[in-house]
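Atoms within each ligand, like the ligands themselves, are counted from 1 in listed order.
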Amino acid sequence: MAVHEGRRLVVLTGAGISAESGLGTFRGTGGLWENEPVQAVATPQAFAKDPLKVWRFYEARRHQAARAEPNAAHRALAELGRCLGPRLTLITQNVDGLHQAAGSQQVLELHGSLWRLRCTDCGGEAEDRTVPLPVLPPRCGLCGALLRPCVVWFGEFLPEKVLAKAVEAARDCALFLVVGTSAVVEPAASLARVAESRGAALWEVNPETTPLSQLCQRSWRLPAGEAMDEVVEEASRLLEDP
Ligand code: BJW
Ligand code: ZN
């Protein structure tokens, strides 16, 4: 079948893959949204109303992410990338940079990165890994306007080229593996549905069920760090099968 010719693998990750690195997930008990309602920190309206509050939230996240180390699941996917080369497309909703820290290359960051800042006026964008930032909220060195974290908030468009590459990969893979996401945020979750509707096998690693679970051929109800070695082995086998 045409869609299987390339025997490509797409992996979509979410906050759950970084949980074992000590970073909080968003939803559920103990999630980041429990203390800070999403509307208060992850919308453009929140930033317009109170940039300092939003920046304090992201500054805390930057502190945590700067201290965090990639875990076994990040490392297993990086190793898989070394084996499969361009046959693996790694798509993440995470902004923590832990896939890259583990050695994954060309990660498609659907929701941006904590480590880039963008000017709200002149649009200038730059990598900035300084922790702590010397002044909050930070200002643009070129025009003096407010800088914002280069992340995608609710109601904002995802980076167009990144999303286009993700959709293209989802449409043309033999296996789509979903790891550590509640799969409630669009359009990320629908990438899995696109793949499945085009004939790809759908596998999931998550201790909890998600709206995608019923579409999945295989599920590992385990933390990613415990499941990933086995999943990677089985994925490699499936991709090698003629
Ligand atoms: C483990 C584990 C372990 C725990 N191992 N697993 C269609 C229908 C309805 C609504 C919409 C729609 N299309 C668009 C929308 C609106 C909206 C949306 O999706 N809303 C729904 C929530 C209702 N989407 C948008 O606004 C998006 N933009 C867009 O579509 O633009 C076009 C448009 C514009 C205007 C109008 C209409 C369309 C943008 C979405 C941006 C999301 N941004 C955030 C913040 C990023 C910055 C930051 O990090 O602060 O992205 S929100 C947050 O959710 C973050 C995450 O990337 C994202 C997904 O969360 P994730 O990763 O799944 O985390 P959790 O916490 O939800 O789940 C963790 C999972 O891990 C759980 O399942 C655990 O069980 C599991 N787990 N331990 C493995 N050890
Ligand atoms: Zn500027």
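- Protein N/O/S atoms found under 2.8 Å from the Zn ion (ligand 2): Cys119 SG, Cys122 SG, Cys140 SG, Cys143 SG.
- Classification of Arg193 and Glu196 as a salt-bridged pair fails, no side-chain N sitting under 4.0 Å from a carboxylate O.
- A side-chain hydrogen bond (donor to acceptor under 3.5 Å, both in side chains) with Trp220 is found for one member of Glu234, Glu230, Glu204, Glu226 and no other, namely Glu230.
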Tabulate distances under 3.5 Å between N/O atoms of ligand 1 and N/O atoms of the protein, writing both atom names on each line.
| residue | atom | partner | partner atom | Å |
| --- | --- | --- | --- | --- |
| ligand 1 | 5 (N) | Gly16 | O | 3.4 |
| ligand 1 | 5 (N) | Ala224 | N | 2.8 |
| ligand 1 | 19 (O) | Glu186 | N | 2.7 |
| ligand 1 | 19 (O) | Glu186 | O | 3.4 |
| ligand 1 | 24 (N) | Glu186 | O | 3.0 |
| ligand 1 | 26 (O) | Gly155 | N | 2.7 |
| ligand 1 | 28 (N) | Glu156 | O | 2.7 |
| ligand 1 | 31 (O) | Glu156 | O | 3.0 |
| ligand 1 | 43 (N) | Val152 | O | 2.8 |
| ligand 1 | 49 (O) | Arg61 | NH2 | 2.7 |
| ligand 1 | 50 (O) | Tyr58 | OH | 2.6 |
| ligand 1 | 50 (O) | Arg61 | NH1 | 2.9 |
| ligand 1 | 51 (O) | His111 | ND1 | 3.1 |
| ligand 1 | 54 (O) | Arg27 | NH1 | 3.2 |
| ligand 1 | 54 (O) | Arg27 | NH2 | 3.2 |
| ligand 1 | 57 (O) | Gln93 | O | 3.0 |
| ligand 1 | 57 (O) | His111 | ND1 | 2.8 |
| ligand 1 | 60 (O) | Arg27 | NH1 | 3.0 |
| ligand 1 | 62 (O) | Ala15 | N | 2.8 |
| ligand 1 | 63 (O) | Thr181 | OG1 | 2.6 |
| ligand 1 | 63 (O) | Ser182 | N | 3.0 |
| ligand 1 | 63 (O) | Ser182 | OG | 3.3 |
| ligand 1 | 66 (O) | Phe26 | N | 2.7 |
| ligand 1 | 66 (O) | Arg27 | N | 2.9 |
| ligand 1 | 67 (O) | Arg27 | NH1 | 2.6 |
| ligand 1 | 67 (O) | Ser182 | OG | 2.5 |
| ligand 1 | 68 (O) | Ser182 | N | 3.3 |
| ligand 1 | 71 (O) | Gly180 | O | 3.2 |
| ligand 1 | 73 (O) | Asn206 | ND2 | 2.9 |
| ligand 1 | 75 (O) | Asn206 | OD1 | 2.7 |
| ligand 1 | 80 (N) | Glu20 | OE1 | 2.9 |

Pair Leu84-Leu9, side-chain contact (heavy atoms from CB on, under 4.5 Å): steps then yes or no: CA-CA 9 Å; Leu84 292 179; Leu9 167 63; 3.9 Å; yes
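- A salt bridge links Arg237 and Glu233; the closest N-O separation between the charged side-chain nitrogens and carboxylate oxygens is under 4.0 Å.
- The six-membered or imidazole ring of Trp153 lies near that of Phe47, with a centre-to-centre distance under 6.0 Å.
- Salt bridge present: Arg148 and Glu156 bring a charged side-chain N and a carboxylate O closer than 4.0 Å.
- Under 4.0 Å is where a charged nitrogen must lie from a carboxylate oxygen, and between Arg116 and Glu109 at least one such pair does.
- Arg27 and Glu34 are not joined by a salt bridge, as no carboxylate oxygen comes within less than 4.0 angstrom of a charged side-chain nitrogen.
- We find that Arg61 and Glu59 are not joined by a salt bridge, their nearest charged nitrogen and carboxylate oxygen being 4.0 Å or further apart.
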